[in-house]
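In what follows, every chain begins at residue 1, and chains take the letters A, B, ... in the order their sequences are listed.
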Amino acid sequence: MRLISWNVNGIRAVAKKGFLDTVKELDPDILCIQETKASVDQLDDSLLNIPGYKSYFSSAERKGYSGTCVYTKREPVSVSYGLGEDEFDHEGRTIELDFGDFILYNIYFPNGGRGPEIVEFKLRFYDCFLKKVKKQMDEGRMVLVCGDVNTAHKEIDLSNPKANSKISGFLPEERVYMDHFAETGLVDTFRMLYPDVTEKYTWWSYKTFARDRNVGWRIDYFF
DNA sequence: TCCTTGGTTCA
DNA sequence: CGCCATGCG
DNA sequence: TGAACCAAGGACCGCATGGCG
């Protein structure tokens, strides 16, 4: 089974740049999208109904902000939106699909770059999420998680760990939560398969051609 | 992210 | 509608 | 004196919205 996670930074923008062709080529069984930046009524039928897939959308109340969706060939038993905690459920960040033999979360975790109070919000979000997952695991459920976590775990996971140790995305208090993910039983699959591989990133700064030079961060995960 | 400015340390 | 500023990442 | 090492501040790009004429 092929699962894909993709932060598109505007699904309408990528739709103009071959999104549907790419999906066809990649042929995922389940495709998890973050940062759709759109509400359902802003999307036309080609995005709402991709042939062969069921689709589920969750949008922020604020226009043009955040938002997630999932396209899946296999039909889930049930789908729910949000973490079940009012504070975290107004920005379309969480889609939870129950497939019976496993639960899959597609999550766009908050970006803390706008200030300390947003970092606090991000940490509370992590906390709420982990409590929920722990409960499900204690009940014997298998849980898969993918999405944009917005934190690099260890020094190996970004180009300039020293210079970024005071920047949101690599703060000590954020990295501790990546430890908590592991303690909860959520395995960073990439790092499990490639424990020593360096310079593999999922996000690059828009500044100074960072992507061309592969100066980046690994902040998107499959657990 | 990178470059600049300005401040500190220490051979 | 085009143009520019703002918010966000 | 000057080399080396920081901390802090500013410009930077792309998507989307909204105000204005």
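Aromatic pair Y126(A)/F121(A): centroids not less than 6.0 angstrom apart.
When rounded to the nearest whole Å, the span between CZ of F209(A) and P of dA11(D) equals 18 Å. Rounded to whole Å, atom C1' of dC15(D) lies 16 Å from atom CD of Q34(A). Note: CD (E61(A)) to P (dG7(C)) measures 20 Å, nearest angstrom. For the pair E35(A) CD and dC15(D) P, the computed distance is 12 Å after rounding to whole Å. Atom CH2 of W217(A) and atom C1' of dT1(B) are 10 Å apart (whole Å). Atom OH in Y206(A) sits about 11 Å away from atom C1' in dG10(D), given to the nearest Å. We find that CG of N160(A) is positioned 6 Å from P of dC2(B), with the value rounded to whole Å. Atom pair K207(A):NZ and dC2(B):P shows a separation of 10 Å (rounding to whole Å applied).
Counting non-hydrogen atoms under 4.0 angstrom, Y65(A) reaches the backbone sugars and phosphates but no base. Using a 4.0 Å heavy-atom criterion, one finds that K17(A) contacts the sugar-phosphate atoms exclusively. Counting any heavy atom pair closer than 4.0 Å across all strands shown, Q42(A) reaches sugar-phosphate atoms only and no base atom. Nucleic acid contact class of K63(A) (heavy atoms, under 4.0 Å, all strands): sugar-phosphate only. Using a 4.0 Å heavy-atom criterion, one finds that R211(A) contacts no nucleic acid atom at all. Among the protein residues, W204(A) comes within range of no part of the nucleic acid, since none of its heavy atoms lies under 4.0 Å from any strand.
Look at D44(A) and R12(A) and you find no salt bridge, because none of the NZ, NE, NH1 or NH2 atoms lies under 4.0 Å from a carboxylate O.
Comparing dG7(C), dA7(D), dC15(D) against the side chain of A13(A) picks out dC15(D) as the nearest. If you check dT1(B), dT17(D), dG9(C) against the side chain of R12(A), the one that comes closest is dT17(D). Side-chain proximity of N9(A) to the nucleotides dG9(C), dT17(D), dC15(D) is greatest for dC15(D). Minimum atom distance to the side chain of K37(A) is reached by dG14(D), of the listed dC13(D), dG14(D), dT1(B). With dC8(C), dG9(C), dT1(B) as the candidates, the nucleotide lying closest to the side chain of N164(A) is dT1(B). Among the nucleotides dG9(C), dA16(D), dT1(B), the one closest to the side chain of A210(A) is dT1(B). Each of dG9(C), dT1(B), dC15(D) was ranked by its minimum atom distance to the side chain of Y108(A); first place goes to dG9(C).
dC3(B) and dG7(C) have their P atoms separated by 29 Å, with the value rounded to a whole Å. Taking atom C1' on both dA7(D) and dG9(C), the two are 24 Å apart, rounded to the nearest angstrom.
Contact annotation: the side chain of S46(A) approaches that of L20(A) to within less than 4.5 Å [non-hydrogen atoms, C-beta and beyond].
Residues N7(A) and E35(A) have side chains that bring a donor and an acceptor to within less than 3.5 angstrom of each other.
One finds a side-chain N or O of R213(A) lying less than 4.0 angstrom from the OP1 or OP2 phosphate oxygen of dC2(B).
Scanning both residues, A152(A) and Y221(A), for their nearest heavy atoms gives CA-OH, 3.5 Å.
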request  = Let me see the working for L144(A) and F223(A) under side chain to side chain contact (heavy atoms under 4.5 Å, CB included), right down to the final yes or no.
outcome  = CA-CA 6 Å; L144(A) 310 186; F223(A) 298 100; over 6 Å; no

